[in-house]
There are 2 protein chains.
Amino acid sequence: MTQPQVETSRTAERERADVGLCAVLLGVKDDQPEVLALEDAHGGLAIAHGAIDDIDTTLERALRRMVERTVGAHLAYVEQLYTFGDRGRDPQRRALTIAYLALVRREIAPARHRSQWLPCYQLFPWEDFRAGRPEQIDRLIVPALRSWAKDDPRRGLRADITFGLSGSAWDPHRVLERYELLYEVGLVDEARRDAQQRGNQLPSASEIALGRPMALDHRRIVATALGRVRGKLSYRPVVFEMLPSEFTLSQLQRLVEALAGFTLHTPNFRRLVSAAGLVEPTGHHRPTGGRPAELFRFRGDVLRERPTPGVGLPGAR
Amino acid sequence: MTQPQVETSRTAERERADVGLCAVLLGVKDDQPEVLALEDAHGGLAIAHGAIDDIDTTLERALRRMVERTVGAHLAYVEQLYTFGDRGRDPQRRALTIAYLALVRREIAPARHRSQWLPCYQLFPWEDFRAGRPEQIDRLIVPALRSWAKDDPRRGLRADITFGLSGSAWDPHRVLERYELLYEVGLVDEARRDAQQRGNQLPSASEIALGRPMALDHRRIVATALGRVRGKLSYRPVVFEMLPSEFTLSQLQRLVEALAGFTLHTPNFRRLVSAAGLVEPTGHHRPTGGRPAELFRFRGDVLRERPTPGVGLPGAR
DNA sequence: ACAAAAGTGTTTCGACTACACCCATGG
DNA sequence: CCATGGGTGTAGTCGAAACACTTTTGT
């Protein structure tokens, strides 16, 4: 589609602003979800980013080419995440970035330049329940939240809902809400850094800095991406974008667990996945430590049969 | 948050582009979902739009003030929808618009200027199943789709999934996918208009123009909004943003039905809503044609109790 | 043999559906 | 008394959760 008409009244209203693209490239290796990070000029970690190239007719195309330029990876699955425009304000310009989520097969995605794969749970250690409840929640986060909410019941309610306290259930989707709350409370390094840059007081006297910080608001963008993937798992077959064409059910399960951040009941997982018609056997087998595993492939026909074909996490009720 | 540091490498990469905001204001009156539309200079219908005001620190704040300026309405619920950047390309500039969804109580939202409330199902007549299956689907849409997909099975599959044909179920959430398919097939007026502006052939020789057209790609933006609302109904208590503080269960049901586009089983709806703890009785009553109806209010505590408090449409399985 | 990993059967539970029915008011 | 809209009881169905158990390989 092109601009249908010279819309003077409209373009006149518009301001010029700095606009860029950025992409959260998400892959899983050795049961760890990882995000592609580049070292920026100041030694910070940034996700892939760049300008909108004018030759591309759609934003998605511009994004794909930006990523190919920047990190040399070809992207399979891409979706728009969110547009961030709160930061980077100064009298002359506003810095906008249109963030995308991209899922990649780690085998196909070579990291170039000064890039590295950064484990997501180094960024958000409190999000990984696979080896039990992360100890930092009860040791560091809960006490800090309690003292932050001491005099305001609304803060208490928010803390309870976001971190699943006082009877509320832990909701795996609320990755962003948790990061943002920790930022507000001053438990992540970016909060201190941004306060210093503004010349403000620290939001809290705490010396706690949970998880690895990133440049600008990139950790917030990655949190948005992780939350989005967790949500999408249950109603769209996005996991298969991160698997080879043939895979075992354990591979699939461990991948889902890595993204969801908790373990699943193996026998039920197998049945749910096959009963949903998501996969079909290829007839091939693969040797393992024990009994050889059957290889499966994604069954494209589910798309026609079910409105919401996904792996259905327990918390999705 | 402010820009933490002068990121020369980054800002240098950025291009200047025209960026604006727009808002889909959605309300329901007399069981009809309606969107606020303004007449533009050329007699077309446009949703509320404007520039990003530099004094606002967040995009959401900029949007709220833009809407207050433009149509004089104060917004309760607001969320970012999507950033559209495919249209309006020319060698000099790219026109970007960050679209927001806003839900309003029609009593509180006075329309000012040259604005009007436009019934959504005039834009998308094929989306309203409350009085039975819209006749246009089988009379106009299906034949056109079939002839469009005649020689390409992938087109056939896409048509089947999007419009629930050949055994696929109609998915109320796929509002945008349906509009986009109709655009591609050439069954909406915008397709013809945009092709003419490009100097291209019409995408189809058909003279069919389903639904009322809007300026630019605004109908596509409204489709995105309607799809988002339908999705959100089932897992967030967004409907209550469009109701007065006290309401009857019928009011609630008719509102949900208006948005979802199909009718619900009344006895079950009542129970699901109360069993979910979404509402509590106020003790007041309201005279009706028959037995007086009990008045209810939204019960805020659900937020603590359930991770996904929504009204749960049948198709959400 | 036994550890390790894959894979199956069966019961229980709870959410949603469908259908039949009762209640309170106005004309 | 009967039409209209409000409201309840109850049995059936389906998918998911939990638990116990079998199969096939490598060492």
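What you are looking at is a predicted structure, and each value in this text was computed from that prediction instead of being measured. Numbers restart at 1 for each chain; the letters A, B, ... are given by sequence-line order, proteins then strands.
Mapping B/T288 and A/P287 onto DNA chain D via the closest heavy atom, the residue that lands nearer the 5' end is B/T288.
Here D/dA18 presents its P atom at 12 Å from CG of A/L272, a figure rounded to the nearest Å. Computed from coordinates, the B/L264 CG to C/dC19 C1' distance equals 17 Å when rounded to whole Å. Rounding to whole angstrom units, CG of residue A/N268 and P of C/dT12 are separated by 16 Å. If you measure from atom CZ of A/R291 to atom C1' of D/dT24, you get 5 Å, rounded to the nearest angstrom. Atom P of nucleotide C/dG26 and atom NE2 of B/H285 are separated by 14 Å, given to the nearest angstrom. Between A/E294 atom CD and D/dT24 atom P there is a gap of 12 Å when expressed in whole angstrom units. What separates CD of A/Q251 from P of C/dG7 is a distance of 12 Å, to the nearest Å. In this structure, the CZ atom of B/F269 is 17 Å from the C1' atom of D/dT8, given to the nearest Å.
Closest to the side chain of B/A293, from the set C/dA20, D/dG6, D/dA18, is D/dG6.
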Please report the C-alpha distance between B/W170 and B/F262 in whole Å, then the side-chain angles of each, then the deciding distance to 0.1 Å, and finally whether the ring pair (Phe, Tyr, Trp, His ring centres under 6.0 Å) criterion is met. CA-CA 11 Å; B/W170 176 276; B/F262 55 87; 9.9 Å; no

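You'll find the side chain of A/S166 reaches within 4.5 Å of the side chain of B/R304, heavy atoms only.
Side-chain atoms of A/R271 and base atoms of C/dG9 include a donor and an acceptor less than 3.5 Å apart.
A salt bridge links A/D160 with A/R146; the closest basic N to acidic carboxylate O contact falls under 4.0 Å.
As judged by a 4.0 angstrom heavy-atom cut-off over every strand, A/T266 is placed among residues making no nucleic acid contact.
Checking the phosphate oxygens (OP1, OP2) of C/dA6, a side-chain nitrogen or oxygen of A/S250 falls inside 4.0 Å. Between A/R270 and the phosphate of C/dG7, there is a side-chain N or O to OP1/OP2 separation shorter than 4.0 Å.
Counting heavy atoms of neighbouring residues, nucleotides and ligands inside a 6.0 Å radius, atom CZ of A/R139 exceeds 12 of them.
Summarising the geometry of B/P33 relative to B/R130, their closest heavy-atom pair is CD-NH2, 4.4 Å, with the distance given to 0.1 Å.
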